[in-house]
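Here the structure comes first, spelled out in structure tokens, and everything after it is commentary.
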Amino acid sequence: LQDNLVAKSEYINILDNVSDGLFLLDVKGNIGPYYSSALEEIIGFENLAGESLEKILFPLVMTDVLDSIKDFITLMFNHNLDFSTVNRLNPLGSVELFLDAGNGEIRSKFARFQFKRILDCGRVVRLMVILKDICKEVELEKRMKETQSEKENEMALFYRLIHLDPELLQEYVDGLEEKLERMNSVLQSGQNAPKEVLRQLMKLAHSIKGESSFFEMQLITDQASTFEEDAAKLLKKENLENKDFIGLTLPLGDLHKNVQ
């Protein structure tokens, strides 16, 4: 009995010191009596022992994901089915959780549930589940895709440039530089009439967008379009202040960078 108590104490101590959510599921899909403290931190609920995983996830995941969870767990407990085959059907392999942030707000978190079978005499008696917070991983992947997209856009722009008639290209670039200078001047000198400033900026950005589209300069077309949309949003604001224009400097800087 003493050995059992020591083993139980060590087991609980481990659960309290792991960074992932770790728990066991029974054949009914209910969480076992002992689980890691990180589980509550990740999903934002307490006192999870004996609760149904499907019930816990009901307010946290999209309907299509929820509909698949019960069937997946049932398949996982079927020892006649190959684990690798069933595991490929995991609807929680990479899932977005929608958590209550308080004050009526919802915050999003990305997570991964990994399932392992626990066997006894060849039969599945429990599922061990490891829950990982993969927000950083998803954010890194997103940044890598954005970087790759930027590189592809820059290459497409370069390819287009080298196939343009030099005189037409120079005329186009000169026109862009002239319009960008005017946009800078408008921003610096016209802040006493913010609505008029925005209208002039939108007109110039629209012109850049149109000319760039004609020459199939997709990167510059998209950036000019972004600037025009941001300016249009500001125009709808009633009480404009000088600080509101700070947000326009980034897309304008992107345009300058690519024209240079």
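We're numbering straight along the sequence, starting at 1.
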Could you pull out the closest heavy-atom pair between His206 and Glu228, with the gap in Å? ND1-OE2, 3.1 Å
Residues, nucleotides or ligands: over 12 heavy atoms within 6.0 Å of Lys109 NZ: yes
Nearest 0.5 Å, please: how far is CG in Asp120 from CZ in Arg123? 10.0 Å
Which pairs count as salt bridge (charged side-chain N to carboxylate O under 4.0 Å, His left out) when at least one residue sits in residues 32-51, sequence neighbours excluded? Glu51-Lys55
Report all side-chain donor-acceptor pairs from residues 57-76 shorter than 3.5 Å, counting only partners two or more places apart or in another chain.
{"residue": "Ser68", "atom": "OG", "partner": "Asp64", "partner atom": "O", "Å": "3.2"}
{"residue": "Thr74", "atom": "OG1", "partner": "Lys70", "partner atom": "O", "Å": "3.0"}

Side chain Ser108, main chain Glu96, donor-acceptor under 3.5 Å: no
Atom CG of Leu204 and atom CG of Asn184: how far apart are they, to the nearest 0.5 Å? 10.5 Å
Ile134 reachable from Leu97 in the ILVMFWY side-chain graph, under 4.5 Å edges: no
Do the side chains of Asn87 and Arg117 get nearer than 4.5 Å, heavy atoms only? no
According to a hydrophobic-cluster definition based on side-chain heavy atoms being under 4.5 Å apart (Ile, Leu, Val, Met, Phe, Trp, Tyr only), do Leu99 and Val138 belong together? no
Do Arg126 and Asp26 have side chains that get closer than 4.5 Å, going by heavy atoms? yes
Do Lys179 and Glu211 touch side chain to side chain, with heavy atoms closer than 4.5 Å? yes
Hey, does Phe227 have a side-chain heavy atom less than 4.5 Å from the side chain of Leu201? yes
Residue pair Glu177 / Asp174, side-chain heavy-atom distance below 4.5 Å: yes
On a heavy-atom basis, the closest approach of Phe115 and Leu25 is CE2-CD1, 4.1 Å
For Ser212 and Ile220 the tightest heavy-atom approach is OG-CG2, 3.2 Å
Do Phe110 and Ile106 share a hydrophobic cluster, counting only Ile, Leu, Val, Met, Phe, Trp and Tyr and linking them when any side-chain heavy atoms are less than 4.5 Å apart? no
Could you go step by step and tell me if Leu180 and Ile208 meet the side chain to side chain contact (heavy atoms under 4.5 Å, CB included) rule? CA-CA 9 Å; Leu180 289 173; Ile208 291 174; 4.0 Å; yes
If you apply the rule side chain to side chain contact (heavy atoms under 4.5 Å, CB included), what do you find for Leu22 with Val129, and how did you get there? CA-CA 6 Å; Leu22 182 63; Val129 187; over 6 Å; no
Is there side-chain contact between Phe45 and Ile56, with heavy atoms separated by less than 4.5 Å? yes
According to a 4.5 Å side-chain heavy-atom criterion applied to Ile, Leu, Val, Met, Phe, Trp and Tyr, with indirect links allowed, do Ile130 and Leu24 form part of one hydrophobic cluster? yes
In the single-linkage hydrophobic clustering (I, L, V, M, F, W, Y; side-chain heavy atoms under 4.5 Å), do Leu235 and Val186 co-cluster? yes
Expected output: side-chain Tyr35 to main-chain Leu48 donor-acceptor under 3.5 Å: yes
For the student: nearest non-hydrogen atoms of Phe113 and Leu53, plus distance: CE2-CD1, 4.4 Å
Between Ile118 and Leu127, does a side chain to side chain contact (heavy atoms under 4.5 Å, CB included) hold up when you go through it step by step? CA-CA 6 Å; Ile118 298 178; Leu127 295 179; over 6 Å; no
I need the Glu137 CD to Ser94 OG distance, nearest 0.5 Å. 7.5 Å
Can you give me the closest heavy-atom contact between Leu131 and Ala111, atom names plus distance? CD1-CB, 3.6 Å
Derivation and outcome, side chain to side chain contact (heavy atoms under 4.5 Å, CB included), residues Gln200 and Val197: CA-CA 5 Å; Gln200 290 184 49; Val197 167; 5.8 Å; no
Rounded at 0.5 Å granularity, tell me how far SG in Cys135 sits from CZ in Arg107. 8.5 Å
Mind checking the CE-OG spacing from Met183 to Ser207? Nearest 0.5 Å is all I need. 10.0 Å
Pair Glu229 + Lys233, salt bridge at N-O below 4.0 Å: no
